[in-house]
Amino acid sequence: MISSPGSSRPWTTAVACLFLATCLLAQTAGPAPAPVVVVRAAKLLDVKAGKTISNPVVIIEGDHIKDVGPGLAIPAGAKVIDLGGATLLPGLIDAHTHLLQNYDFALGGDDNNMVLTVAQMSPAERALLGAKMGREDLEAGITTVRDVGNSGINGDVALRRAINKGWVSGPRIVACTRALSGVGGQFGHLQHEAEALVKQEYVEITTVEEARRAVQQAFYDGADCIKVIVNTGPRVVSLDEMKAIVEEAHRVHRKVAAHAIGDDATRVAAEAGVDSIEHAYVVPDGVLKMMAAKKIFLVPTDYPEEMYSSFLPESVSPEERKQAQSEMKQFVQGSRDRLKRAVAAGVPIAAGSDEYYQMGKRTRGESSVLIYEAYRESGLTPWQIIQAATINAAELLGWQDRIGTIEPGKLADIIATSADPSADVLELERVKFVMKGGEVIRNDVSAPHAR
Ligand SMILES: [Zn+2]
């Protein structure tokens, strides 16, 4: 409504007075102080020192940790969340996720699923799927992920932005956009006419110049990191191409994650100086030694043995089942052995799930945290596993100043378990409390007892 000039407008005076009063108040009061929240519990895992602190008090201001220590005084007016006998630890970090993929065993293996996913789902639809997967990760205690490709054209960047803007609830995301790969990416055989699908999921490189350009493109598209598929069958990215990728990424202080399996591919990745080698189910001792010397992380995407049996469709014959199970046993033993050798060689370990199938009724988060059980089967101690999933993974992401420990100045990403996971690491499969950036995502800790 527009009033004519000269008309009596008492309401404008009232509005002006109100506006003036608000301005004056704002000038004198300054910005409202961030709310203070205190979380207390029976124990806290100091993952940097590898020790347990009793009677911890964590003081949180806004989204950051202001102070932490045993028996600190509670600031006046703070909101107190008392988790009783629970154990606090930093939010879990999954350094290898594919939130925009949720494959179905009933459709067959990776080849069939990839064709159907890429051909049928737009990046927008996949980002919405990622919102569900991300929410499930967060509820399981995974407060940060490094999402390493297979997200259509920049669907992962869309999801990261949506989460950062608060449109949807999910973990912090370090996004890689499309993975760089040799011709055909990780697709199985396609008719020539269908090869356009590859570009939805991968950026193919066959020369050093294409490698450099692909890294530039990823950063233009919003990537935080670079993912390279070093080998798919006999298609292996060359050492010169890998070196160009690493140089181009490191020049702007970004990290490179390399999918590599087998002697040649892991050697190419390590020689090029990538920041992490993913999977490496087969890797020679010489490469492990190089990884330790260059501080290249191994991200062992391993699962408990019984998980692999659920990969078998019901339609297989008893003979096929027996054969497959014996092959799986061998594969699992090989994986356990290489993780033991990696730890013995001094290779830093960061936890990563590589979960991208619907595992029965389990949520994405519930199946992703089963990796810790596999690490335990390789002989890692609970502390080694907890560190792989917190402080080590934070360092791999380059976010060691923001997350990975419960320390002053870090983001308030805190989880809690009923019993101490440094005694029984499988407690990490039963996270009861999740806070991300000072916001309580869930709290299923039973009513605390007076202590
Ligand atoms: Zn993967």
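Worth knowing before you read on, the calculation uses all heavy atoms, side chains too, and leaves out hydrogens, waters and symmetry mates. Just so you know, ligand 1 is whichever comes first in the structure, and atom 1 is the first atom listed for that ligand. In this text the structure is predicted, and so the values were computed from the model without any measurement. By convention here, the first residue in the shown sequence is residue 1.
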Can you tell whether the side chains of [X] and [Y] come within less than 4.0 Å, N to carboxylate O?
{"X": "Glu407", "Y": "Lys48", "answer": "yes"}
{"X": "Lys227", "Y": "Asp147", "answer": "no"}
{"X": "Glu139", "Y": "Arg135", "answer": "yes"}

His259 near the Zn ion (ligand 1) via N/O/S, less than 2.8 Å: no
Quick check: does His279 put an N/O/S atom under 2.8 Å from the Zn ion (ligand 1)? no
Distance-only polar pair, side chains of Tyr357 and Asp110, donor-acceptor under 3.5 Å: yes
Atom name in Asp354, limited to N/O/S, at shortest distance from the Zn ion (ligand 1): OD1
Give a rough value, rounded to 10 degrees, for the angle at the Zn ion (ligand 1) between atoms NE2 of His98 and NE2 of His96. 100°
